[in-house]
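Here's the structure, in structure tokens; my notes come after.
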Amino acid sequence: MTDSQVPENRGNLARRTVLMASGVAVTAVGVGGALSVNASAEEPAPKTHASAETCYTLTSELVEGPYYIDADKIRRDVTEDQEGIPLTLELKVIDADTCKPLRNAAVDIWHCSATGVYSGYESSGNGGGGPAPTGPPPSGTPTGEPPTGGPGGGGGGHQEPTDDDRFLRGTWHTDRHGHVTFKTIFPGWYQGRAVHIHTKVHVDGTWTDAGYEGGHTCHTGQFFFDEKSVLASAEVAPYSTNTSTRTTLTEDTIYPQNGHTGGLLYLKYDKRNIAKGVRAHLTMAVAPDETHDSSDTQPSPSASPSAS
């Protein structure tokens, strides 16, 4: 499917009828002037299929969270009017068994704003835990266990949207090489979760004038950012106004602590000025014949109910 076949109009919403599926490994890239590598420099090349081994380890299946909306706009630039550090997210989707790229797969992303608010749920405030805080930025590195408690509907439970905003959400198709690129902003944070982006990959459906119809979801996951990049972002407005308690990557109860297989992005940015923009990439190795609706990827028992 060519780009011209998919509507870019922000007013166009696409309702998809899909089964929830999962089983992926991911790739992402971003923007920037004088860039320097912050995470692992390069992604390892996949193994050939000459052996009986899979070419890539499946990307971890992770909880969907309560703020998924199956009516996302068909678009690559999901920024709308949101302020924040420009982020270019470049993903590649491949079959984990054959190493072949998956073309015309529908990839969803959604994440909170720089101050921790999800579109469609603005009345819930910062991550569902009250109004987005303002004031001096937090200092130092957070310590201790992630907080517990909070509003219901977290984890794998779904909450119905409370408004019509859809910023920082979008769906786009992979090209014949399995690539898809989104333009967005570096996500903020909210109490109980490390900085992250949600994703789903849908296959076997059909692209129409209305969007993506049918098929099933072969992957539900999340992308994560290393501590250095998050600490650097916290010095930049409007992130610097977010006084919500921040959870580190090692404290997060949903991140599986397994590096890039678990969704940890490869990042590049100017360490002297992250505000110029960030490039992120990852390759998602999925099992396209499998279906994962997030019910098999619940957070650990110690996770906060609002951790999404």
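Note that the structure is predicted; figures quoted are calculated from it, not measured. Atoms considered below: every heavy atom in the structure, side chains included; atoms not considered: hydrogens, waters and symmetry mates. The first residue of the sequence shown is numbered 1, and numbering continues consecutively from there.
In this structure, the side chains of Val195 and Phe186 come closer than 4.5 Å at one or more pairs of heavy atoms. Counting heavy atoms from C-beta on, the side chains of Leu265 and Phe225 come closer than 4.5 Å. Counting heavy atoms from C-beta outward, Leu249 and Leu264 have side chains that approach closer than 4.5 Å. No side-chain heavy atom of His260 sits under 4.5 Å from any side-chain heavy atom of Phe223. Taking 4.5 Å as the limit, every side-chain heavy atom of Leu168 sits out of range of all side-chain heavy atoms of Cys112.
Using modelled atom types, one side-chain atom of His216 and one backbone atom of Pro288 make a donor-acceptor pair closer than 3.5 Å. Under a 3.5 Å cut-off, the side chain of Asp252 and the backbone N or O of Ala194 do form a donor-acceptor pair. A donor-acceptor pair is defined here as one N or O able to donate and one able to accept, closer than 3.5 Å; no such pair exists between the side chain of Glu227 and the backbone of Thr250. Remark: side-chain polar atoms of Arg166 are not paired, donor with acceptor, to backbone N or O of Ile69 under 3.5 angstrom. Under a 3.5 Å cut-off, the side chain of Asp163 and the backbone N or O of Glu122 do form a donor-acceptor pair. Thr174 contributes a side-chain N or O that, together with a main-chain N or O of Asn104, makes up a donor-acceptor pair within less than 3.5 Å. At least one donor-acceptor pair under 3.5 Å links the side chain of Arg169 to the backbone N or O of Ser119.
In terms of heavy atoms, Val180 sits closest to Val107 at CG1-CG2, 3.9 Å. Across Ser229 and Ile274, no two heavy atoms sit closer than the pair O-CD1, 3.6 Å. Of all non-hydrogen atoms in Val236 and Ala275, the two that sit nearest each other are CG1-CB, 4.1 Å. The minimum heavy-atom distance linking Ser244 with Trp189 is given by the pair O-NE1, 3.1 Å. The shortest non-hydrogen separation linking Asn242 to Ala114 is ND2-O, 3.7 Å. Nearest heavy-atom pair, Ile185 versus Gln82, reported as atom, atom and distance to 0.1 Å: CG2-O, 3.9 Å.
The side chain to side chain donor-acceptor pair (under 3.5 Å) test with Glu64 is passed by exactly one of Gln222, Lys200, His198: Lys200.
Looking at Thr181 and Arg76, their side chains never bring a donor and an acceptor atom within 3.5 Å of each other.
Atoms NE2 and OG1, from His111 and Thr199 in turn, are 11.0 Å apart once rounded to the nearest 0.5 Å. Taken to the nearest 0.5 Å, the OG atom of Ser233 stands 5.0 Å off from the CD1 atom of Ile85. Once rounded to the nearest 0.5 Å, the distance linking CD1 of Ile254 with OG of Ser60 reads 12.5 Å. In this structure, CD1 in Ile109 is found 5.0 Å from CZ in Phe182, a value given to the nearest 0.5 Å. Rounding to the nearest 0.5 angstrom, the gap separating the OG1 atom in Thr79 from the NZ atom in Lys183 is 8.5 Å. Summarising the geometry, atom CG belonging to Asp289 is positioned 7.5 Å from atom CG belonging to Asp204; distances are rounded to the nearest 0.5 Å.
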Checklist entry - Stepwise, does the side chain to side chain contact (heavy atoms under 4.5 Å, CB included) test hold for Ile94 with Val286? => result CA-CA 6 Å; Ile94 65 171; Val286 307; over 6 Å; no
Checklist entry - Does the pair Asp108 and Thr171 meet the rule for a side-chain hydrogen bond (donor to acceptor under 3.5 Å, both in side chains), with working shown? => result CA-CA 4 Å; Asp108 300 326; Thr171 302; 2.5 Å; yes
Checklist entry - Could you go step by step and tell me if Arg75 and Asp77 meet the salt bridge (Lys or Arg N to Asp or Glu O under 4.0 Å) rule? => result CA-CA 6 Å; Arg75 58 185 181 178; Asp77 188 341; over 6 Å; no
Next on the checklist: Run the side chain to side chain contact (heavy atoms under 4.5 Å, CB included) test on Thr245 and Thr247 for me, step by step, so that the C-alpha distance in whole Å, both residues' side-chain angles and the decisive distance to 0.1 Å come before the verdict.
Outcome noted: CA-CA 7 Å; Thr245 301; Thr247 297; 5.7 Å; no
Checklist entry - Do Tyr68 and Trp110 pass the ring pair (Phe, Tyr, Trp, His ring centres under 6.0 Å) test, and can you show the C-alpha distance, the side-chain angles, and the key distance before you say yes or no? => result CA-CA 7 Å; Tyr68 176 62; Trp110 70 101; 4.7 Å; yes
Checklist entry - Should Gln159 and Tyr121 be marked as a side chain to side chain contact (heavy atoms under 4.5 Å, CB included) after you check the CA-CA gap, both sets of side-chain angles, and the distance that decides it? => result CA-CA 9 Å; Gln159 292 186 19; Tyr121 301 89; 3.9 Å; yes
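The residues Asp95 and Lys100 are annotated as not salt-bridged, no charged nitrogen and carboxylate oxygen being separated by less than 4.0 angstrom. A salt bridge links Lys73 with Glu80: the closest approach of a Lys/Arg side-chain nitrogen to an acidic carboxylate oxygen falls below 4.0 angstrom. Salt-bridge formation is not detected for the pair Asp226/Lys228: no Lys NZ or Arg NE/NH1/NH2 atom is positioned less than 4.0 Å from an Asp or Glu carboxylate oxygen. Ion pairing of Glu251 with Arg193 is absent here, as no side-chain N (NZ or NE/NH1/NH2) approaches a carboxylate O to less than 4.0 Å.
The aromatic rings of Tyr190 and Tyr118 lie perpendicular to each other, with more than 60° between the two planes, well past the 30° mark. A perpendicular orientation is assigned to the rings of His173 and Trp207, their planes being inclined by more than 60° (bins at 30° and 60°).
More than 12 heavy atoms of other residues, nucleotides or ligands sit less than 6.0 Å from atom CD of Gln257.
A ring-centre distance under 6.0 Å is not found for Tyr255 and His196.
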